[in-house]
There are 2 protein chains.
Amino acid sequence: MHSKTADSLQNKFNQKLLDKGLRPTKQRSCVYDVLLQKKDHPTADEVLVRVRKKLPSISLATVYNCLETLVDCSLVKQVNMDRSPSKYCPNLTPHAHFRCSKTGRIYDLNLQEDEINQLKELLPSGFNAENFDLTFSGSANLP
Amino acid sequence: MHSKTADSLQNKFNQKLLDKGLRPTKQRSCVYDVLLQKKDHPTADEVLVRVRKKLPSISLATVYNCLETLVDCSLVKQVNMDRSPSKYCPNLTPHAHFRCSKTGRIYDLNLQEDEINQLKELLPSGFNAENFDLTFSGSANLP
DNA sequence: TTCTCAATTTAGAATAATTCCAATTACAAC
DNA sequence: GTTGTAATTGGAATTATTCTAAATTGAGAA
Ligand SMILES: [Mn+2]
Ligand SMILES: [Mn+2]
Ligand SMILES: [Zn+2]
Ligand SMILES: [Zn+2]
């Protein structure tokens, strides 16, 4: 597969916001860019620090507002683990997460369609899942 | 299998606490009993209300302390969903959760050993999971 | 272009779950 | 019974997030 161009991502951003009657402001755009540039599941605080490199006067309230808007527009996923601060992820494909207990680093584990079907087979009859949340934790020994 | 008697559960409770050099106090015992009596994943606030039927002067701080102790002793699991208050569950067998979006009710989905192995097969090599957290949400249509 | 006005941003206050703290109480061992 | 540590308690503190009300922005109307 080809990776998305900056332009096609920009178009997707504009489109999804306009679809909901919302404005593609520079704050929203910058928050979204920050998430695309380093896909490490930052918290709102970390997003604030990164966005301020471009928009030094943006407020934390606005970062929270923008993140909520991006989640509502299905441009970003909100990721919650235990009771730690929410993290944000621009990977919209169905995926699980792995948190390394040593480093705290979070990895995306992309899932194939058949793997998702396997997951849903865990449900007894009568249960109809629209969503799932799967997080592993342990140690990652990567090359 | 036979279900555990009240006595054998009492023994397990005493044993696990004593193993860690902790006292099986009436507050800890009562919090644990409340979780066993109605396995509906109550929050700390809900546990407080139930425990006060037996111990009217117990404090919320003590409920939090007791729940933390029970989790540390592997008598109870702490269950977190999104950013809602922590819930507590005495089911120690590996299981997933299903939250009905209509009623908010939470169901345990017990998993067989082979199903757990299936889950761990989702991990690429280099990832070693000690734990997993699997939560479905959707609508439950039960008989 | 200027005007208008709803949408957005902003700073700071408020909220809510949880943790911390310092004082009291309980209780096991001596 | 005294002592010493663990546990409980009420209230203060913490922290992530949401709310509020005022200022700013910017797209479309005039
Ligand atoms: Mn944060
Ligand atoms: Mn609660
Ligand atoms: Zn992710
Ligand atoms: Zn459970």
Side-chain angles (χ1 to χ4, degrees), chain A residues 13-34 41-52 54-73 75-89 104, chain B residues 13-34 41-52 54-73 75-89 104:
Chain A
F13 170 81
N14 283 332
Q15 200 48 61
K16 291 224 182 178
L17 283 164
L18 294 175
D19 282 353
K20 294 223 169 188
L22 301 173
R23 298 182 188 164
T25 65
K26 64 177 188 296
Q27 287 88 347
R28 288 170 176 163
S29 162
C30 194
V31 166
Y32 185 51
D33 284 349
V34 152
H41 303 81
T43 65
D45 285 337
E46 291 163 344
V47 170
L48 178 69
V49 169
R50 296 179 198 181
V51 171
R52 281 194 165 163
K54 272 277 169 61
L55 301 178
S57 63
I58 195 174
S59 72
L60 179 57
T62 299
V63 169
Y64 272 107
N65 289 340
C66 291
L67 288 169
E68 187 184 20
T69 299
L70 295 175
V71 170
D72 288 349
C73 293
L75 284 160
V76 162
K77 278 182 188 165
Q78 182 170 0
V79 177
N80 295 302
M81 293 179 179
D82 302 323
R83 300 210 47 82
S84 61
S86 287
K87 296 153 194 31
Y88 297 87
C89 166
Chain B
F13 170 80
N14 283 332
Q15 200 48 61
K16 291 224 182 180
L17 284 164
L18 294 174
D19 282 354
K20 294 225 168 187
L22 301 173
R23 298 182 188 164
T25 64
K26 64 177 188 295
Q27 287 87 348
R28 288 171 176 163
S29 162
C30 195
V31 166
Y32 185 51
D33 284 349
V34 152
H41 304 81
T43 64
D45 285 336
E46 290 163 343
V47 170
L48 178 69
V49 169
R50 295 179 199 181
V51 171
R52 282 194 164 163
K54 272 277 168 61
L55 301 177
S57 63
I58 196 174
S59 72
L60 179 57
T62 299
V63 168
Y64 272 107
N65 289 342
C66 290
L67 288 169
E68 187 184 20
T69 299
L70 294 174
V71 169
D72 288 348
C73 293
L75 284 159
V76 161
K77 278 181 187 165
Q78 183 170 359
V79 177
N80 295 303
M81 293 178 178
D82 301 323
R83 301 212 43 84
S84 62
S86 287
K87 295 154 194 31
Y88 296 87
C89 165

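Naming convention: chains lettered A, B, ... in sequence-line order (proteins, then strands); numbering from 1 in each chain. Atom set for the values below is all heavy atoms of this structure, side chains included, hydrogens, waters and symmetry mates excluded.
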To the nearest Å, give me how far apart [atom1] ([X]) and [atom2] ([N]) are.
{"X": "B/L60", "N": "C/dA16", "atom1": "CG", "atom2": "P", "answer": "14 Å"}
{"X": "A/R23", "N": "D/dG28", "atom1": "CZ", "atom2": "P", "answer": "9 Å"}
{"X": "A/K20", "N": "C/dT8", "atom1": "NZ", "atom2": "C1'", "answer": "17 Å"}
{"X": "B/L22", "N": "C/dA26", "atom1": "CG", "atom2": "P", "answer": "19 Å"}
{"X": "A/L18", "N": "C/dT8", "atom1": "CG", "atom2": "P", "answer": "11 Å"}
{"X": "A/L67", "N": "D/dA16", "atom1": "CG", "atom2": "C1'", "answer": "13 Å"}
{"X": "B/L48", "N": "C/dA16", "atom1": "CG", "atom2": "C1'", "answer": "15 Å"}
{"X": "A/E46", "N": "D/dA16", "atom1": "CD", "atom2": "C1'", "answer": "13 Å"}

Verify the contact: side-chain N or O of [X] to OP1 or OP2 of [N], cut-off strictly under 4.0 Å; return yes or no.
{"X": "A/R28", "N": "C/dT8", "value": "yes"}
{"X": "A/S86", "N": "D/dA16", "value": "no"}
{"X": "B/S59", "N": "D/dT8", "value": "no"}
{"X": "A/Y64", "N": "D/dT18", "value": "no"}

Could you please name the option among C/dA6, C/dC20, C/dT18 that lies closest to any side-chain atom of B/A61? C/dC20
Which distance, rounded to the nearest 0.5 Å, do you find between the NZ of A/K77 and the NE2 of A/H41? 9.0 Å
In this structure, CG of A/L48 is separated from SG of A/C66 (nearest 0.5 Å) by 11.0 Å
For residues A/S84 and B/R83, report the shortest heavy-atom separation together with the two atoms involved. O-NH1, 2.5 Å
Of all heavy-atom pairs linking A/A44 and A/Y88, the shortest is N-CE1, 4.2 Å
Taking only distance into account, with no hydrogens and no angle test, what donor-acceptor pairs under 3.5 Å do side-chain atoms of residues 16-26 of chain A form with protein atoms, sequence neighbours excluded?
| unit_1 | atom_1 | unit_2 | atom_2 | d |
| --- | --- | --- | --- | --- |
| A/K16 | NZ | A/S74 | O | 3.1 |
| A/D19 | OD1 | A/Q15 | NE2 | 2.9 |
| A/K20 | NZ | A/D72 | O | 3.0 |
| A/T25 | OG1 | A/R28 | N | 3.2 |

B/K26 or B/K87: which one's nearest nucleotide on DNA chain C is closer to the 5' end? B/K87
Pick base, sugar-phosphate or nothing for B/T25, based on heavy-atom distances below 4.0 Å to the nucleic acid. sugar-phosphate
Considering heavy-atom distances to DNA chain D, does B/R83 or B/C66 have its closest nucleotide positioned more toward the 5' end? B/C66
